[in-house]
Amino acid sequence: MATEVLFYHLMSQPLEAVLPGLLLKCLERDWTVVVQCGSQERVAALDAHLWSFSDDSFLPHGTAADGLAEHQPIYLTDGEENPNGAEVRFLVDRARPGSIDGYSRIVVMFDGENPEALAEARIHWKTFKGQGAEVTYWQQKPNGGWERKA
């Protein structure tokens, strides 16, 4: 079965507003997740955000600094490792994709207002297609919902 790659083009809401909901959906499906960020600073920022994004909820997760990476339902990193055996990998903040082997789903989230991020997403699209992945493109609507464009 081919890896499914979903591109999420952020337009009306920032990553911090959208990512927690997508991660919650993954956990509801009993999927383990790796979130690969573009920098270690961004890992630290998302680490703090996922504990406090809601007054009545949090997302269980960890980083290399927390230890026990293999037990984390969501693992945050700026590298290509997959210590928790994740089925789903998120690429955020212009993180460079690695191998898609072993993943059922890759989610690429990019800032639609950043021309460099948009250009990189186009390159990644071609790369993933060339690897035989099933690729879809979702653009954020003004109300925050998603519309499939390709």
In the single-linkage hydrophobic clustering (I, L, V, M, F, W, Y; side-chain heavy atoms under 4.5 Å), do [X] and [Y] co-cluster?
X	Y	value
Val135	Leu118	yes
Leu23	Val92	yes
Trp138	Ile106	no
Leu19	Val88	yes
Tyr103	Phe128	yes

Where is the tightest heavy-atom contact between [X] and [Y], given as atom of each residue plus distance?
X	Y	result
Asn84	Pro73	ND2-O, 3.8 Å
Phe7	Ala121	CE2-O, 3.4 Å
Ser39	Asp78	C-CB, 3.7 Å
Gln140	Ser12	OE1-N, 2.9 Å
Gln13	Gly144	OE1-CA, 3.6 Å
Gly112	Met11	CA-SD, 4.0 Å

Over 60° means perpendicular and under 30° means parallel, so tell me whether Trp146 and Tyr8 are parallel, tilted or perpendicular.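 Answer is perpendicular, since the angle exceeds 60°.
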
Is the closest side-chain heavy-atom distance between Phe90 and Leu46 below 4.5 Å?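 The answer is no; the side chains never approach within 4.5 Å.
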
[atom1]/[X] to [atom2]/[Y] distance, rounded to the nearest 0.5 angstrom?
X	Y	atom1	atom2	answer
Leu59	Ile74	CG	CD1	4.5 Å
Trp125	Tyr137	CH2	OH	9.0 Å
Cys37	Leu15	SG	CG	8.0 Å
Arg94	Arg96	CZ	CZ	9.0 Å
Leu76	Gln36	CG	CD	11.5 Å
Gln131	Thr3	CD	OG1	8.5 Å

Given the rule in the side chain to side chain contact (heavy atoms under 4.5 Å, CB included) test, do Leu91 and Arg89 qualify, once you have shown the distances and angles that lead to the verdict? CA-CA 7 Å; Leu91 300 171; Arg89 183 171 206 91; 4.2 Å; yes

Under the 3.5 angstrom rule, does the side chain of His49 hit a backbone N or O of Glu16 as a donor-acceptor pair?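 Yes, His49 side chain to Glu16 backbone: donor-acceptor pair under 3.5 Å.
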
Does a donor on one side chain and an acceptor on the other come within less than 3.5 Å for Thr32 and Glu87?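 Side-chain D/A pair, Thr32 to Glu87: present.
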
Within a radius of less than 6.0 Å around NZ of Lys141, do more than 12 heavy atoms belonging to other residues, nucleotides or ligands occur?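 Count over threshold, so yes.
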
Take Trp31 and Arg105, measure what side chain to side chain contact (heavy atoms under 4.5 Å, CB included) needs, and give me the verdict at the end. CA-CA 10 Å; Trp31 292 341; Arg105 180 174 287 188; 3.6 Å; yes

Please find out if less than 6.0 Å separates the ring center of Tyr75 from that of His61.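 For Tyr75 and His61, the ring centres are not under 6.0 Å apart.
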
